Structure formats: structure tokens, C-alpha cells
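Throughout, numbering of the chain's residues begins at 1 and tracks the sequence. Source: prediction; values computed, not measured. Worth knowing before you read on, the calculation uses all heavy atoms, side chains too, and leaves out hydrogens, waters and symmetry mates.
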Amino acid sequence: MSRRRTFWALAAAGVLAMSSIAACGSDDDDGGDGGGSSSGGGDKPKVAVLLPDSKSSVRWETVDRPLLQKALEAGGVEANITNAEGDKSTQQQQAEQAITNGAKVILLVNLDSGSGAAIAANAKSQGVKVIDYDRLTLDTDANDYYVSFDNEEVGRLQGEGLVKCVGDKPDAQIAVLNGSPTDNNATLFKNGYDGVINPKFDSGDWTEVDDQSVPDWDNQKALTIFEQMLQKAGNKVDGVLAANDGLGNAAISALKQRKLPQVPVTGQDATLEGLQNIVNGDQCMTVYKAIEREANAASELAIALAKGEKPTTQTVPIDNGTHKVPSVLEKPVPVTKDNVSEYFGAPDYPTKEDICAGKVAANCDKLGL
Ligand code: BGC
């Protein structure tokens with residue numbers, strides 16, 4: 001039974017927001033370390049970014065941080081980016097500190113909806129705008145915008161990828177590793193892939209070995225959970241629906257430890273490790289999300305709000321359980337060994353040199369990369 005937490009009132013095609021970053025400031029106050037008083041003068045308006053952790057996915061520190069920094073600074077605002085390393089009270093403090101330091105806008109990647117809603121409510125009470133970055137905060141009226149990807153589509157692509165990779169193997173035994181139960185995205189991903197794989201279970205084509213959520217997207221916990229799944233299945237697993245590259249890699253490591261053959265494993269984020277796993281044949285697909293577009297769209301909104309202007313970005317309404325949040329949703333795409341090279345050169349995609357380094361080089365050669 002698929003869980004019910006879908007807020008996808010928008011029926012239509014994925015809304016693509018081509019975010020062009022607003023022509024940037026030729027502000028002459030380029031030093032701008034903002035000495036504390038927010039009382040005007042040459043100080044740039046301040047935007048705080050609250051990242052969730054650095055372990056649930058490498059994306060936050062290696063891709064989102066630099067791209068947000070760049071886009072915000074190009075728009076003439078001061079960016080202050082912190083990372084809560086998975087700790088809700090740390091994130092709360094970082095939000096309070098940002099407001100004390102004069103932030104006009106907070107770009108928030110929440111650690112769960114409850115703590116996110118508390119941060120948003122506090123910000124709202126002090127006239128600070130909140131943009132949900134990547135993860136929607138549910139059940140609050142205090143978030144002003146939401147910028148992310150079509151996350152049900154991410155899940156659908158994972159489900160379809162697994163179906164293709166498993167092919168017509170009879171009675172395939174499939175294990176499912178979901179993301180964190182506290183992340184609304186994990187629910188959306190699951191809605192997406194369940195729509196594709198549940199019919200396979202229902203028809204008897206596939207058998208579900210197990211379906212488990214991984215708390216906090218913790219890769220170490222994913223390894224333990226997957227080892228238990230292998231145990232339960234007597235090592236017979238023919239495919240793994242893993243909700244991101246980190247969880248996929250945990251499954252791959254467990255299979256390798258037991259010297260089991262390669263099986264199709266899915267992923268998400270097009271991380272260096274995920275793409276190397278694809279080139280090596282250990283992973284069947286990942287989902288590439290053009291984070292530069294996400295970062296630029298969020299920055300465009302933040303820059304306008306921080307300058308006291310009304311954003312002109314085109315949005316769609318997404319219901320968070322309390323209100324319809326004006327949202328920008330970018331489009332995800334699947335990556336398999338057949339199109340690994342398609343996104344080489346993108347600023348949010350690993351380089352060919354990094355992917356094909358060291359021991360991976362031989363397999364890159366085989367793929368003609
Ligand atoms: C993001 C994914 C990421 C996961 C773990 C999700 O909310 O959308 O890109 O892999 O969190 O950090």
C-alpha cells in the first residue's frame with residue numbers, strides 16, 4: 001500500500017523553471033563583510049543558507065554549497081552558508097544566529113518538518129523570509145517559497161530504471177531501501193517508484209524481499225539494513241531499489257563483501273561514486289538533478305526578497321498541508337552506462353577525469369568514454 005502524503009495538486013507536466021540568474025550587481029561595495037549593523041550604508045543584504053549534513057549525500061557540500069555561494073554573490077548579496085551536520089538543534093541555532101546577524105532571507109534544507117516549521121515560524125515572526133530548498137516543510141504557513149525537483153518523477157525514473165535493468169529475469173527478488181522517513185522527498189520518491197514496481201510485485205513477476213526506510217539517509221545504517229535483507233533472502237537478491245547513490249553504494253558494498261555477483265542497483269544524485277559504480281557495472285542507473293538550476297532558481301528568489309523586491313520568478317502552487325507554497329520544480333533525468341557522458345562539462349556533474357581515474361579507467365575505455 002503506498003503511503004499517502006502526496007501534495008501534487010499540479011497535474012500537468014513538470015514545470016521547468018529556466019532560471020536565469022538576474023544580471024548581477026556592479027555594486028561598488030565589493031568588500032562587504034558586513035560589520036554587524038544592518039542599518040544600511042553600503043552593507044549588502046544578507047542571505048543565510050542552512051544545509052542539512054555532509055553525509056547523507058555528498059551533494060550538499062560539494063555541489064550545492066559552491067553553486068549557491070556563487071549565484072548569491074553574483075546577485076549582490078552576502079551569503080552565509082552553514083551545515084547542521086544532521087543535528088536539529090544546531091540547525092535551529094544557526095537560524096537564530098543568522099537572524100541576529102541580520103539575514104533577510106533563510107534558504108532552508110530541513111532535517112524534518114517539525115524542526116523546519118519551528119525555524120520558519122521564528123523567522124516569520126521577525127520578518128525574515130524562508131525558502132524551502134530541496135525539501136518541503138510540511139504543515140506550516142511560514143515558508144514563503146519552495147525550490148526543488150519533481151521528486152515523484154525522480155522516483156518514477158528509479159522504478160523504470162530498475163525494471164529495464166532487471167529485464168525479464170523470472171521471479172526476481174527485489175529489495176527496497178527508502179530514504180529517511182523524516183524527509184518529505186523520500187515519501188515523494190517512494191510514491192514515484194512504488195507506482196512502477198508495485199504492479200510487478202502484484203502480478204507475481206517480482207517478489208519483494210523487504211522494504212525498509214533508512215533513518216537520516218545514513219549510509220552505515222543502510223549497510224546494516226541491507227545485510228539483514230541479504231540474510232533474510234539467503235543471499236538471493238536480484239535487484240535493489242535504492243533511493244540515492246549513497247544507499248545504493250551501501251548495498252553494493254554488502255554484495256561485494258559476500259562475493260555475490262553484480263545485480264541492478266538504482267541511485268540518485270549522479271555522484272562521483274555513483275557514476276563510477278555505473279561505469280564498473282555495479283549500479284544500473286542514477287538520477288541526475290541539475291543542481292545548478294535549483295541553486296540559481298533559489299538564489300534568484302532569495303536575492304529579490306533580500307533586496308525587498310517582489311520576485312518575478314514563475315512559480316506553481318504546492319500544498320504543504322497548510323497552504324499552497326509558491327514553488328519552482330526542476331526536471332530530473334536518468335543516467336545509465338549508455339549516457340554517462342551526456343552531462344560531462346556541467347558544473348553540477350563530476351568530470352570525466354574524476355570518474356575515469358585510477359582503476360575505473362579500464363572500464364571507461366570499454367565504454368568508449
Ligand atoms: C535530496 C537528495 C539527497 C537526499 C539525502 C534528499 O532530500 O533530494 O538529493 O540524496 O536528500 O541527502
Going by atom types alone, do [X] and [Y] pair a side-chain donor with an acceptor below 3.5 Å?
X: Asp211; Y: Asn178; result: yes
X: Thr187; Y: Asn184; result: no
X: Lys289; Y: Gln268; result: yes
X: Asp87; Y: Ser89; result: yes
X: Asp112; Y: Ser115; result: yes
X: Ser113; Y: Asp139; result: no
X: Asn83; Y: Ser54; result: no
X: Tyr193; Y: Asn198; result: no
X: Ser57; Y: Asn244; result: no
X: Thr137; Y: Asn110; result: yes
X: Gln231; Y: Glu227; result: no

Check: [X] side chain, [Y] main-chain N or O, donor-acceptor pair, under 3.5 Å:
X: Lys46; Y: Asn101; value: yes
X: Lys307; Y: Gly75; value: yes
X: Tyr145; Y: Ala302; value: no
X: Arg135; Y: Leu111; value: no
X: Glu152; Y: Asn191; value: no
X: Gln93; Y: Lys88; value: no
X: Gln92; Y: Gly116; value: no
X: Asn280; Y: Asp282; value: no

Are [X] and [Y] joined in one hydrophobic group, where the rule is that I, L, V, M, F, W and Y side chains link up if heavy atoms are under 4.5 Å apart?
X: Leu272; Y: Leu369; answer: yes
X: Tyr343; Y: Val360; answer: yes
X: Leu247; Y: Phe149; answer: no
X: Leu305; Y: Ile99; answer: no
X: Val209; Y: Trp206; answer: yes

Notebook entry, point to check: Do other residues, nucleotides or ligands put more than 12 heavy atoms under 6.0 Å from the CD atom of Gln220?
Noted result: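 Result for CD/Gln220: open.
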Next item on the list: Can you tell me which residue pairs pass the disulfide bond (SG atoms under 2.5 Å apart) test with a partner in residues 291-366, sequence neighbours excluded?
Entry: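 Checked against disulfide bond (SG atoms under 2.5 Å apart) - neighbours excluded - the pairs reaching residues 291-366 are Cys356-Cys364.
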Are [X] and [Y] ion-paired here, with the side-chain N under 4.0 Å from a carboxylate O?
X: Asp134; Y: Arg59; result: yes
X: Lys232; Y: Asp210; result: yes
X: Arg293; Y: Asp348; result: no

Next item on the list: With sequence neighbours left out, write down each residue that passes side chain to side chain contact (heavy atoms under 4.5 Å, CB included) with Asp238, or none if nothing qualifies.
Entry: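 Partners of Asp238 by the side chain to side chain contact (heavy atoms under 4.5 Å, CB included) criterion, ordered by chain and then number, come out as Lys169, Ala172, Gln173, Lys236.
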Note to self: Under the side-chain contact (heavy atoms from CB on, under 4.5 Å) test against Tyr146, which residue among Val130, Leu108, Val316, Asp132 passes?
What the structure shows: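 When side-chain contact (heavy atoms from CB on, under 4.5 Å) is applied between Tyr146 and each of Val130, Leu108, Val316, Asp132, only Asp132 qualifies.
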Looking at every non-hydrogen atom in both residues, tell me the closest pair between [X] and [Y] and how far apart they are.
X: Ala250; Y: Ala222; answer: CB-CB, 3.8 Å
X: Gln91; Y: Leu50; answer: NE2-O, 3.7 Å
X: Ile197; Y: Gly159; answer: CG2-CA, 4.1 Å
X: Ser213; Y: Pro181; answer: CB-CD, 3.9 Å
X: Glu330; Y: Ala297; answer: OE2-CB, 3.9 Å
X: Trp217; Y: Phe189; answer: CH2-CE1, 3.6 Å

Item checked: side-chain contact (heavy atoms from CB on, under 4.5 Å) assessment of Ser299 paired with Leu68 -> CA-CA 7 Å; Ser299 298; Leu68 284 165; 3.8 Å; yes
Just so I know, are the side chains of [X] and [Y] near enough to count as touching, which here means a heavy-atom distance under 4.5 Å?
X: Tyr288; Y: Asn339; value: no
X: Val128; Y: Val105; value: no
X: Val328; Y: Thr313; value: yes
X: Leu230; Y: Arg258; value: yes
X: Val287; Y: Gln158; value: yes
X: Glu342; Y: Val333; value: no
X: Thr271; Y: Thr286; value: no
X: Ile81; Y: Gln69; value: yes

Notebook entry, point to check: Does the side-chain contact (heavy atoms from CB on, under 4.5 Å) test come out yes or no for Leu241 and Leu177, once each step is laid out?
Noted result: CA-CA 6 Å; Leu241 191 307; Leu177 283 173; over 6 Å; no
Next item on the list: Kindly determine whether Ser56 and Asp216 satisfy side-chain hydrogen bond (donor to acceptor under 3.5 Å, both in side chains), including the steps that lead there.
Entry: CA-CA 7 Å; Ser56 65; Asp216 306 322; over 6 Å; no
Note to self: Does Gln126 form a side-chain hydrogen bond (donor to acceptor under 3.5 Å, both in side chains) with Asn122? I'd like the steps, not just the answer.
What the structure shows: CA-CA 7 Å; Gln126 305 191 56; Asn122 182 42; 3.1 Å; yes
Next item on the list: Check step by step if side-chain contact (heavy atoms from CB on, under 4.5 Å) holds for Ile131 and Asp144.
Entry: CA-CA 6 Å; Ile131 301 171; Asp144 298 284; 5.6 Å; no
Item checked: Derivation of the side-chain contact (heavy atoms from CB on, under 4.5 Å) call for Leu67 and Val63 -> CA-CA 6 Å; Leu67 291 176; Val63 186; 3.7 Å; yes
Item checked: Atom pair CG/CG of Leu188 and Leu136 - distance to nearest 0.5 Å ->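 Rounded to the nearest 0.5 Å, the CG-CG separation comes to 8.0 Å.
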